[in-house]
Amino acid sequence: MAEEKLPTRAQDFSEWYNQLVLKAQLADYAPVRGCMIVRPYGWALWENIQQALDGRFKATGHQNVAFPLLIPKSFIEKEKHHVEGFSPELAVVTIGGGEELAEPLILRPTSETIIGHMWSKWIQSYRDLPVLMNQWNSVVRWELRTKLFLRTLEFYWQEGHTAHATQPEAMEETRQMLDIYTDFAVNDAAIPVIPGAKSDAEKFAGADITYSIEAMMGDGKALQAGTSHFLGQNFAQAFEVKYLDHMGVQQHCWTTSWGLSTRFIGAIIMVHGDDQGLVLPPKLAPYQVVIVPIFKNDEEKAAVLGAAKELKTQLAKAKIRVTLDEREGQSPGWKFNDWEMRGVPVRVELGPKDVAKQSAVVARRDRPGREGKISAPLADLPVTIERLLGEIHLSMYDKALAFRRSNTHATATYDEFKKAVETGFAFAGWCGRGDCEEKIKEETRATMRCIPVDATDVLGSGGAVASGKCVYCGTEAKERAIFARAY
RNA sequence: CGGGGCGUAGCGCAGUCUGGUAGCGCGCACGCUUGGGGUGCGUGAGGUCCCCGGUUCAAAUCCGGGCGCCCCGACCA
């Protein structure tokens, strides 16, 4: 690594992010423009995200499946809004085995169409419903402007797809999955999110309703961190997904889809990271604890490493993810900085003095410097650290929520609104018309992020509510919405 | 698709204007030193100067063409 230090977030947030992703070895640029390679440390983080979500999916009755990467091009054309939305960003395969293909294939940008196609074969009766599926895969969208994790030509995600007999059931599923994403963001990633509905302009191509969870990044911009779509009967009609009901009448299914991608890693970086580097939430961090041994000579080395290995065993036994940094060439101070940059929640410093006292110095990443350090008896560490990881999670969440709330403003006038979206979220009345939304976007670069499900959560208890008038045209507000510049 | 920047050792760059033995810092290897907040010193390995063509006794450098990447704006998880 050529440069020791990152730019600060205040100097250049974007450059801070780019360098951090590379330096922390989360990912690297691929030889093809806009593609990324997820390195072991980044993938370990993704695996923990997968595990946290997959458990929730299974607990709510979903099963994992695998559909193919290649989809006949004609499929995408069967749903009008879907084709309009995705055509510009499709990668198309026209040659296979040296021969021009009779029908071009697309690399899936998402799998609604091919899944709809198969469902039409599999679903015959109300007894076959609901169908609750999920797949972990990658998809391809030919984006113009890319950024590691946030927007790449190919990205990894899960896409859930469900089919139901009735509209209320499908709606309930859509909302359930939104709740699951919210629960995951809050309780595993320590990221406060605003669940809400998208405007017509912002919703998924082919959906009747799109819900998302929106998070505020460290620079005040919004990031859509997960989505859940109520697809109505749009895809069921396009692909003839029908069932025979109790009365012997043919009905179209009601379907949903929902996804969360490696973009979420970008959210973790930008919500929690500080000028030293990453700050990873304990539940998702690849390593929850790093042990840095300190010694001068072989005699000390033997004693310290012996104690360090024993500690590692004890922590691992307590189901704590721990690594021991035995690298020879680097000084302890260098390692402190390195692991801080990589965001490990807890660092244990273990030297001869500690071993003599049968204690260790424990430092927490979310409170850098001396103030975050305590000394604790070695024998207690599994318990101490377990408790500390819980505290770190809560304090990271509180900090992120406090930041979001202090940068979210209920705005009544357009001037207030324009000021608010310079630095964060604006919570404002909106008449619900697309042209007001469009004008706002043109004039302020802020887009409608969502209409919050629970408006009282946005500003906290006692916070002002948004005005009853549309912030742009001044007519009666139909909605109260979050507006912000977004990734 | 517009605007900007860049392409020279693994990484970051200087050298290009004014053509003449390819350099610096970091990293890497080895040795000593040091180790509780990014140790210090020494030795060493490492190069199709993005590609193609041209000018010239001689091109990283000048001329022509091409390719690629990054950043900032319009579209998107």
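Naming convention: chains lettered A, B, ... in sequence-line order (proteins, then strands); numbering from 1 in each chain. The figures that follow rest on heavy atoms only: side chains count, while hydrogens, waters and symmetry mates do not.
When the P atom is used for both B/C50 and B/A60, the distance is 10 Å, rounded to whole Å. Taking atom P on both nucleotides, B/G19 is separated from B/G15 by 16 Å, rounded to a whole Å. With both ends at atom C1', the span from B/G65 to B/C57 equals 26 Å, rounded to whole Å. Rounded to whole Å, the separation between the P atoms of B/U43 and B/G38 comes to 26 Å. Only the P atoms considered, B/U18 is 9 Å distant from B/C62, to the nearest whole Å. Taking the P atoms as reference points, B/C11 lies 12 Å from B/U48, given to the whole Å. Taking atom P in both B/G46 and B/U39, the straight-line distance is 28 Å, to the nearest Å. Comparing the P positions of B/G40 and B/U34 gives an interatomic distance of 14 Å, to the nearest angstrom.
Along RNA chain B, the nucleotide closest to A/Arg141 and the one closest to A/Val361 are compared, and the more 5′ of them pairs with A/Val361. Both A/Tyr487 and A/Asp354 lie close to RNA chain B; mapped to their nearest nucleotides by heavy-atom distance, the more 5′-ward contact belongs to A/Asp354.
The minimum heavy-atom distance between A/Arg347 and A/Glu340, with the atom names listed, is NH1-OE2, 3.1 Å. The shortest heavy-atom contact between A/Thr162 and A/Glu173 is CG2-OE2, 3.2 Å.
One N or O on the side chain of A/Gln158 and one on the backbone of A/Leu260 form a donor-acceptor pair closer than 3.5 Å.
Less than 6.0 angstrom separates the ring centroid of A/Phe235 from the ring centroid of A/His82. Checked against a 6.0 Å centroid threshold, the rings of A/Phe155 and A/Trp157 count as neighbours. Taking the six-membered ring where the residue is Trp, the centroids of A/Phe204 and A/His229 are separated by under 6.0 Å. Aromatic ring centres of A/Trp258 and A/Phe57: separated by under 6.0 Å.
Pair check for B/C30 finds B/G42; Watson-Crick or G-U wobble, both atom distances under 3.5 Å. Here B/G37 sits opposite no nucleotide as a Watson-Crick or G-U wobble pair (both hydrogen-bonding atom distances under 3.5 Å). Here B/G12 sits opposite B/C24 as a Watson-Crick or G-U wobble pair (both hydrogen-bonding atom distances under 3.5 Å).
Annotation: the span from A/Thr384 atom OG1 to A/Ile374 atom CD1 amounts to 6.5 Å, rounded to 0.5 Å. Summarising the geometry, atom CZ belonging to A/Phe427 is positioned 15.0 Å from atom CZ belonging to A/Arg449; distances are rounded to the nearest 0.5 Å.
Between A/Arg485 and A/Glu422 there is a salt bridge, since a side-chain N of the basic residue sits under 4.0 Å from a carboxylate O of the acidic one. One finds no salt bridge joining A/Arg9 and A/Asp274 here, because no Lys/Arg side-chain nitrogen approaches an Asp/Glu carboxylate oxygen to under 4.0 Å.
Checking B/C75, B/A74, B/G38 against the side-chain heavy atoms of A/Leu144 singles out B/A74 as nearest. Closest approach to the A/Trp334 side chain among B/G37, B/U39, B/C75 is made by B/U39 (side chain taken as heavy atoms from C-beta onward). For A/Lys353, the listed nucleotide lying nearest its side chain is B/G36; candidates were B/G36, B/G37, B/C76. Comparing B/G36, B/A74, B/C75 by their closest approach to the side chain of A/Pro352 singles out B/G36. The A/Glu89 side chain lies nearest to B/C76 when the options are B/C1, B/C76, B/G37.
Following rounding to the nearest Å, A/Asp28 (CG) and B/G10 (P) show an atom-to-atom distance of 15 Å. Spacing between atom CD of A/Gln19 and atom C1' of B/C11 amounts to 12 Å, rounded to whole angstrom units. A/Trp142 has its CH2 atom 16 Å from the C1' atom of B/C1, to the nearest Å. In this structure, NZ of A/Lys357 is placed 16 Å from P of B/G36, rounded to the nearest angstrom. Per the geometry, CG belonging to A/Asp200 stands 13 Å off P belonging to B/C76, to the nearest Å. To the nearest angstrom, C1' of B/C11 lies 12 Å from CZ of A/Arg39. What separates NZ of A/Lys23 from C1' of B/C26 is a distance of 11 Å, to the nearest Å. Rounding to whole angstrom units, CG of residue A/Asp12 and P of B/G5 are separated by 17 Å.
Judged purely by distance below 3.5 Å, without hydrogens or angles, the side chains of A/Ser212 and A/Gln224 never pair a donor atom with an acceptor atom.
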Output one line per pair: protein atom, nucleotide atom from nucleotides 42-44 of chain B, and distance, for all N/O pairs under 3.5 Å.
none

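Checked by distance alone, A/Asp338 brings no side-chain donor or acceptor within 3.5 Å of a matching partner on the base of B/G38. Remark: the A/Lys335 side chain and the B/G35 base include no donor-acceptor N/O pair separated by less than 3.5 Å. Taking only distance into account, the side chain of A/Gln330 never meets the base of B/G38 through a donor-acceptor pair shorter than 3.5 Å.
Across residues 286-310 of chain A, A/Ile294, A/Phe295, A/Lys296 each have a non-hydrogen atom less than 4.0 Å from an atom of RNA chain B (numbered order).
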**Prompt:** Can you give one letter per nucleotide of nucleotides 65-72 of chain B, 5' to 3': B if a protein heavy atom sits under 4.0 Å from the base, S if only from the sugar-phosphate, - if neither?
**Reply:** ----SSSS
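Contacts of A/Glu143 with the nucleic acid, taken as non-hydrogen atoms under 4.0 Å apart, include base atoms. At the heavy-atom level, A/Phe155 lies under 4.0 Å from base atoms of the strands shown. Looking at heavy-atom distances under 4.0 Å, A/Gly259 makes no contact with the nucleic acid at all. Heavy atoms of A/Leu260 sit nowhere under 4.0 angstrom from any nucleic acid atom.
Ring orientation note: the planes of A/Phe75 and A/His117 are tilted relative to one another, at an angle of 30° to 60°.
Using a 4.5 Å cut-off on side-chain heavy atoms (C-beta onward), A/Arg365 and A/Gln276 make contact.
Within a 6.0 Å sphere centred on CD of A/Glu77, other residues, nucleotides and ligands contribute more than 12 heavy atoms.
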